[in-house]
Amino acid sequence: MSVADLLALEGVAVGDKVRLQGWVRTRRDSKAGLSFVQVHDGSCFDPAQVVAPGELENYTDAVVHLTTGCSMIAEGTVVASEGKGQSVEVLASRIEPVGMVEDPDTYPVPAKRHTFEYLREQAHLRVRTNSFSAMARVRHCLANAVHRYFHEHGFYWVHTPIITGSDCEGAGEMFRVSALDLENLPRTESGGIDYSQDFFGKETNLTVSGQLNVESYCLALSKVYTFGPTFRAENSNTSRHLAEFWMIEPEIAFADLAADADLAEDFLKSIFRTLLNERADDMEFFQKRIDKTCLERLEKFVDASFERMDYTEAIARLEKVVADGHKFEFPVKWGMDLQSEHERWLTEEHIGRPVVLMNYPKDIKAFYMRMNDDGKTVAAMDVLVPGIGEIIGGSQREERLDVLDARLEEMNLDKADYWWYRDLRKYGTVPHAGFGLGFERTLIYATGMANVRDVIPFPRTPRSAAF
RNA sequence: UCCAGAGUAGCUCAAUGGUAGAGCAUGCGACUGUUAAUCGCAGGGUUGAAGGUUCGAGUCCUUCCUCUGGAGCCA
């Protein structure tokens, strides 16, 4: 049975015979011949305490040599615990070591404190620690909550491609996908690489966003979303960026920017509510050991309404606070992109709640965002949250072909590259909107973890893909 | 990519230019049910790499590598 069921007394009672399988967290010996073995199996935060009496036939040969990381099977009786840390424990009648740790002296994750930096170098074993097993369960819970929310609200999950033939997704540097022999590249007559001989007969890359593809499904299925890995070959070395990360991108038809903002707010609150309800054990750990404010932050988040504010208004308020003597490193001026420090001031100090900033200057935003009537701004939005800054970026999409074409031209983009995207505006176009949410940043916000590399099992960053 | 900091025992860190140490972990021992157990003993080092200065370099200089934090890019 699982440790979770045992500790919750689910389908089991004191006096029952049980069998546990898992890994040793610690072994403590007491007087001559009695050991306490903490066993974890991933089913919940707490390990189970297995009491190994000295009378076990393999006690001196095997049990006292169990060390952190060994795998084992324990059979025994559920008893009320005489100790303080747990209500029930298993009094073992048989302990079977399955896989020993060959050299405890060099086991990379012994029972002691480790820095996250060190554990990143032991990514294959770090999930055996409290922090990373808790994170794995929280990650699963939130991913599951994402799918449940959309399913219950009539959205379809669309599997947009990982390999893309569009070189026009426009969200950053891409990883090339090629089956060509790098040591012996085929050349065109003019000396360039001849991609017509490559696997797909053209240049292909890993996707940086499923948005363009999901828009096509939106204009037939009305409410859709993607949730999968995306790839950016940017040389970003920060605690908030990965080369491979998971992104959630809903897209809704017959919808404007206000509806998009409403969806973002309802969605975020819903998944965090699910997390608080379903992973209280792991969240208690994050609260206690990682970030003392994370529970309070989430509880406030699911109750507070998001402030909505136009970019132009935000600039006015930033200019006012600067005039009142507040110092920023970067100047504030209409038309500029907000810096991290500006976003954080708005959401943390000025409003004190999540803020949806809307209607940005067109010159700092992407070609597909819908032009507003003022001719200066586009229907874009960013959701800013205290403690992390931007967590969502979204927009109403430009559904008018003539306006879209004008924007493509203005930004020196080739209309031919966007032929199928433009078709969507020729055949039954509708106003539609969507946003992108970085899943790892959501996890950081929820748990208070400081680095995005510690919320994904095997992080990919510049110069690092060791596992 | 830019700015700053760091790299010494398995891990976390000390060490004024002059004999490389501690805590934790690990092993052994002690301890009447432990909970980050406690106490004692022990083993454990090419000080990131290559050059240079010096009687002498973990320490100073140069170059490089790696990591961390911040910025930019963004999610």
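Naming: A, B, ... by sequence-line order, numbering from 1 per chain.
Less than 4.0 Å separates RNA chain B from at least one heavy atom of each of the following residues of residues 79-91 of chain A: A:Ser81, A:Glu82, A:Gly83, A:Lys84, A:Gly85, A:Gln86, A:Glu89.
Other residues, nucleotides and ligands contribute more than 12 heavy atoms inside 6.0 Å of the OH atom of A:Tyr445. A 6.0 Å sphere centred on NE2 of A:His151 holds no more than 12 heavy atoms belonging to other residues, nucleotides or ligands.
Here, B:rA14 and B:rU53 have their P atoms 30 Å apart, quoted to the whole Å. One P atom belongs to B:rG21, the other to B:rU62, and the distance between them is 30 Å to the nearest Å. Nucleotides B:rU66 and B:rU47 place their C1' atoms 16 Å apart, quoted to the nearest Å. To the nearest whole angstrom, the two C1' atoms, one in B:rC73 and one in B:rU59, are 39 Å apart. Using atom C1' as the reference point in both B:rG44 and B:rU26, the two lie 10 Å apart (nearest Å). B:rU16 and B:rG29: their P atoms are spaced 40 Å apart (whole Å). For B:rG33 and B:rC39, the P atoms lie 16 Å apart once the distance is rounded to whole Å. With both ends at atom P, the span from B:rA4 to B:rC41 equals 47 Å, rounded to whole Å.
Within the nucleic acid shown, A:Glu329 has no heavy atom closer than 4.0 Å to any nucleic acid atom. Among the protein residues, A:Thr442 comes within range of no part of the nucleic acid, since none of its heavy atoms lies under 4.0 Å from any strand. Residue contacts shown for A:Arg240 include a base, since a base heavy atom lies under 4.0 Å away. Looking at heavy-atom distances under 4.0 Å, A:Ile391 makes contact with sugar-phosphate atoms alone, never a base.
With hydrogens and angles left out, the side chain of A:His241 and the base of B:rC74 share a donor-acceptor pair within 3.5 Å. At a cut-off of 3.5 angstrom, counting only N and O atoms as typed in the model, there is no donor on one side facing an acceptor on the other between the side-chain of A:Glu234 and the base of B:rU1. Judged by distance alone, with hydrogens and angles left aside, A:Ser236 brings a side-chain donor or acceptor within reach of the base of B:rC73, the pair sitting under 3.5 Å.
Looking at A:Lys362 and A:Glu410, a side-chain N of the basic residue comes within less than 4.0 Å of a carboxylate O on the acidic one, giving a salt bridge.
Between the C1' atom of B:rG72 and the CD1 atom of A:Ile364 lies a distance of 15 Å, rounded to the nearest Å. Look at CD on A:Glu121: it is 13 Å from P on B:rG10, rounded to the nearest Å. The distance between atom CD of A:Glu102 and atom C1' of B:rG27, rounded to the nearest whole Å, is 17 Å. Summarising the geometry, the separation between CD on A:Glu117 and C1' on B:rG10 is reported as 17 Å, rounded to the nearest angstrom. Between A:Phe439 atom CZ and B:rC74 atom P there is a gap of 24 Å when expressed in whole angstrom units.
Among the duplex regions that RNA chain B forms, those built from at least three successive Watson-Crick or G-U pairs under 3.5 Å are B:1-7 with B:65-71, B:10-13 with B:21-24, B:26-30 with B:38-42, B:48-52 with B:60-64, ordered by first number.
Close to B:rC73, at under 4.0 Å from its OP1 or OP2, lies no side-chain N or O of A:Asn237. Residue A:Arg25 places none of its side-chain N or O atoms closer than 4.0 Å to OP1 or OP2 of B:rA36. Residue A:Arg453 places at least one side-chain N or O under 4.0 Å from the OP1 or OP2 atom of B:rU68. Checking the phosphate oxygens (OP1, OP2) of B:rG70, no side-chain nitrogen or oxygen of A:Thr238 falls inside 4.0 Å. Contact check, A:Arg28 against B:rU38: no side-chain N or O comes under 4.0 Å of OP1 or OP2. Close to B:rG72, at under 4.0 Å from its OP1 or OP2, lies a side-chain N or O of A:Gln339.
Each of B:rU34, B:rA71, B:rG10 was ranked by its minimum atom distance to the side chain of A:Tyr118; first place goes to B:rG10. Set against B:rG43, B:rU35, B:rC73, the side chain of A:Asp105 has B:rG43 as its closest nucleotide. When distances run from any side-chain atom of A:Pro104 to the nucleotides B:rC73, B:rU68, B:rG27, the shortest one goes to B:rG27. Of the candidate nucleotides B:rG72, B:rC28, B:rG10, B:rG10 has the atom lying nearest to any side-chain atom of A:Lys112. Closest contact between the side chain of A:Arg113 and the listed nucleotides B:rA71, B:rA36, B:rC11 involves B:rA36. If you check B:rU68, B:rG72, B:rU34 against the side chain of A:Phe36, the one that comes closest is B:rU34.
Here the closest heavy-atom approach between residue A:Arg453 and residue A:Arg126 is recorded as O-NH2, 3.2 Å. The shortest non-hydrogen separation linking A:Ala111 to A:Thr68 is CB-OG1, 3.7 Å.
Between the side chains of A:Tyr225 and A:His147, at least one donor N or O lies within less than 3.5 Å of an accepting N or O. Checking A:Asp382 against A:Tyr360 by side-chain atom types alone, a donor-acceptor pair falls below 3.5 Å. One side chain, A:Arg128 or A:Tyr107, offers a donor N or O that lies under 3.5 Å from an acceptor on the other. A side-chain donor-acceptor contact under 3.5 Å links A:Gln49 and A:Gln38.
For the pair A:Arg232 and A:Phe245, the cation-pi criterion (under 6.0 Å, within 45° of the ring axis) is not fulfilled.
Taking the six-membered ring for Trp and thresholds of 30 and 60 degrees, A:Trp345 and A:His350 have nearly parallel ring planes, at less than 30 degrees apart.
Not one N or O on the side chain of A:Glu173 forms a donor-acceptor pair closer than 3.5 Å with the backbone of A:Glu234.
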